[in-house]
Amino acid sequence: MTKIGVLASGRGSNFRALCEAAKRGGFDGKIIVLVADQPGAGALEIAREFGVEALTMSPGDFPSREAHEEGIAKALEERGVELVCLAGYMRIVGAPMLKRFFGRMLNIHPALLPCFPGLHGQKQAVAHGVKVSGATVHFVDADCDAGPIIIQAPVPVEEGDTADTLAARILKEEHRIYPEAVKLFCEGRLKITGRRVQILPARASGGAKK
Ligand code: GRF
């Protein structure tokens, strides 16, 4: 069973979707820790609800950005975390996390990458006038929202959509595809070759193959 750690900054609906999927056996993994970088993050409350250890690690409690990330990475490592899921984690991860977890760290983004990376992907999509946007689960690398793509779900942009109405429809897809990507990881079915992620046929043993 893959040991999963989740990092979140905000309300935590994707974290909840992962907790619910774990509970119903949607993947062969156990969420063992939630780390929030904001003391008020809704995700902390969800962790308590699902009996997941919850840590608040605020950047202000560390001497530097690097030390903050190092602290989080060590906390995950000490608990034997094998897969890290960023779920609305509003920080760019750097060397301390990447050196330990590259190929074992996923993120969810509310747009069809490489379109509309960064903040407010839904607002960017509406402003640009695209007819289709969606959600992406990808491996995390050193660049923002740029790592190898695992699953994407398209969501049509409708006449009269605002960033909020589009975001609500995209969110439903996020909650569907994030647990699906975690399931594939836990089954050892994700093979990264350069920018591409190949989904291997069903097999035993967890972890991403490089
Ligand atoms: C989601 O839209 C996710 O794609 C993005 O941040 C948002 C987090 O929402 N990275 P929640 O905290 O999971 O509800």
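Any value given below was found using the heavy atoms of this structure, including those in side chains, with hydrogens, waters and symmetry copies removed. Ligands are counted one by one from 1 in listed order, and the atoms in each one are counted from 1 as well. Just so it is clear, the model here is predicted, and its values are computed rather than measured.
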message: If you count every heavy atom of other residues, nucleotides or ligands that lies below 6.0 Å from K99 atom NZ, does the total exceed 12?
response: yes
query: Is A8 in contact with ligand 1, taking contact as a heavy-atom separation below 4.0 Å?
result: no
message: Taking R79 first and then E53, would you say they form a salt bridge - that is, a charged N and a carboxylate O separated by under 4.0 Å?
response: yes
statement: For atom 11 (P) of ligand 1, the closest protein heavy atom turns out to be S13 N, 3.4 Å
query: Can you tell me if CD1 on I92 sees more than 12 non-hydrogen neighbours from other groups inside 6.0 Å?
result: no
query: Does R104 offer a backbone N or O that forms a donor-acceptor pair with the side chain of E82 under 3.5 Å?
result: no
field: Backbone or side-chain N or O of N14 under 3.5 Å from ligand 1 N or O
entry: yes
- prompt: Using 4.0 Å as the upper bound for N to carboxylate O, is an ion pair formed by E173 and R176?
  reply: yes
- request: Specify the protein heavy atom at minimum distance from atom 7 (C) of ligand 1: its residue, its atom name, and the distance to 0.1 Å.
  value: G88 CA, 4.2 Å
message: Between the side chains of E20 and R24, is the shortest nitrogen-to-carboxylate-oxygen separation below 4.0 Å, so that they form an ion pair?
response: no
- request: Specify the protein heavy atom at minimum distance from atom 9 (O) of ligand 1: its residue, its atom name, and the distance to 0.1 Å.
  value: R11 NH2, 3.4 Å
- prompt: Counting each atom of ligand 1 from 1 as listed, which ones have a heavy atom of P110 under 4.0 Å away?
  reply: 2 (O), 4 (O), 5 (C)
statement: Looking only at non-hydrogen atoms, the one of G42, G10, G12 nearest atom 12 (O) of ligand 1 is G12
field: Under 3.5 Å donor-acceptor, T136 side chain and A111 backbone
entry: yes
task: For atom 10 (N) of ligand 1, grab the closest protein heavy atom and report residue, atom and distance to one decimal in Å.
output: I108 O, 3.0 Å
- prompt: Which is closest to atom 1 (C) of ligand 1 by heavy-atom distance: Q122, M90, E174?
  reply: E174
